[in-house]
Structures are given as structure tokens and as C-alpha cells.
Amino acid sequence: MNPKKSLSIVLLLFVGAAVVVLVAREVRRDASQTAPVVEEDVSLPTTGLVAYYFHSEIRCPTCRNIEAYAHEAIQTDFSSELSSGEIAWRVVNYELPANAHFVTKYEIVSPTVVLVRLSEGQQTDWRNLMRVWELVGDKDAFAKYVRQQTEELLVSTQD
């Protein structure tokens, strides 16, 4: 076998092995980062509010900011309600097959925050806070929006 042909074969084997290693790493990384399936009725308040952050498989920096800002707003402004269980915070991957029902139920078209009001174990109202995309560049306006929407739904659970 001539040296040029041998070098070509070695290079092709090297490229093939590198592709296999990269694919295996990606599969392992995806498996370790898959969010758990969240069932609607697991440890949710009987009467109160559930603040969901729905995300997709791909989580861009803006999506991560939306989650962080919303979680911070809920934790900061409703810490006693979180502690008492009147408000629950949940993060859900809406692209998982087990969570697909959320997409139609809450009209999810992209990562978003959804507030769900419960009364005696039954959903009585919900809001998809799609304006979070518009406000993500202004953290204060974002927090104010989430706080206002949460207060409105929370007050209506107490009526």
C-alpha cells in the first residue's frame, strides 16, 4: 500500500472516531440535562397559585433570563406565600411527550411563564405571561409585570 493511501485511511478512521466520540458526548449531555417530568397534581396547592416556567429543549440566554427573573420576582415578592404553600413554583420542559398537554392547555408557543389559579383542587383561571419576552430587557419592568399578574390571580383565589 502506498503511503498516500495509508495516510488517507488513517485520517478517515480518525475523523470517524472523532465523530463517534462527539455524538456519544452529546447524547450523554442531553440525557443528563433533561428536566424531570412534572405532573400537574404533584404537591400543588389545593387553593392558591402555581407559577410555571415552561421551557423547551434548547435554552438560550434570554430564556434562562426569563426563568431567573420570574423566579426571583416570585421569591422576592411572595416569599411567605411560597413558604406556606399558597404559591408553588414549577419548571417544566413542555417539549417532553409527557408534558405535551400543557402546550394546548396554556397556549404555549415558546418558553413562557404561566400562572394557574386553583380553588379546592380545580383550576379556575390561568394566564400566559407572554409579555415577559417584551420586558426581559428591563428587569424592573419585568418584575413589576410578574408581580402585578401574580397579585391579581392570588387575590382572586382569596375571594
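Note that the numbering runs from 1 along the sequence shown for the chain.
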Please give me the minimum heavy-atom distance between Lys105 and Trp126, naming the atom from each residue.
O-CZ2, 3.4 Å
Please verify the inter-ring angle class for Phe142 with Tyr69; under 30° counts as parallel, over 60° as perpendicular, anything in between as tilted.
perpendicular
Close side-chain approach of Leu129 and Arg127, heavy atoms under 4.5 Å
yes
To the closest 0.5 Å, what do you measure between CD1 (Ile87) and CZ (Phe78)?
5.5 Å
For the residue pair Ala51 and Leu115, what are the closest heavy atoms and their distance?
CB-CD2, 3.7 Å
Can you check whether Arg147's main-chain N or O pairs, donor with acceptor, with Asp77's side chain at less than 3.5 Å?
no
Is there a donor-acceptor pair closer than 3.5 Å between any side-chain N or O of Thr47 and the backbone N or O of Glu120?
yes
Counting N and O atoms only, with roles assigned by atom type, does the side chain of Ser84 sit under 3.5 Å from a partner on the main chain of Glu81, one being a donor and the other an acceptor?
yes
Nearest heavy-atom contact between Asn99 and Asn93 is ND2-O, 3.0 Å
Side-chain contact test, heavy atoms from C-beta onward, threshold under 4.5 Å: evaluate it for Glu72 versus Lys139 and give yes or no.
yes
Heavy-atom pair with the smallest gap, counting every atom of Glu86 and Leu154:
OE2-CD1, 3.6 Å
Any idea which heavy atoms bring Val146 and Thr150 closest together, and the distance?
O-OG1, 2.7 Å
With a 4.5 Å limit on heavy-atom distance, are the side chains of Tyr106 and Val116 in contact?
yes
Which distance, rounded to the nearest 0.5 Å, do you find between the SG of Cys63 and the OH of Tyr53?
4.5 Å
Where is the tightest heavy-atom contact between Ser110 and Trp133, given as atom of each residue plus distance?
OG-NE1, 3.5 Å
As an exercise, state the distance from CG of Leu135 to CD1 of Ile66, rounded to the nearest 0.5 Å.
9.5 Å
Taking a hydrophobic cluster as the set of Ile, Leu, Val, Met, Phe, Trp and Tyr residues connected by side-chain heavy atoms closer than 4.5 Å, whether directly or through intermediates, do Ile58 and Val91 fall within one such cluster?
no
Is a side-chain N or O of Glu95 found less than 3.5 angstrom from the main chain of Glu57, in a donor-acceptor match?
yes
To the nearest 0.5 Å, atom CZ of Arg59 lies from atom CG of Asn65 at 11.0 Å
Starting at OG1 of Thr104, measure out to OH of Tyr94 and round the result to the nearest 0.5 Å.
13.0 Å
Please step through side-chain contact (heavy atoms from CB on, under 4.5 Å) for the pair Tyr52 and Phe102, ending with a clear verdict.
CA-CA 10 Å; Tyr52 287 104; Phe102 289 116; 4.1 Å; yes
Say you draw a straight line from OG of Ser83 to CD of Gln75; how long is it, rounded to the nearest 0.5 Å?
10.0 Å
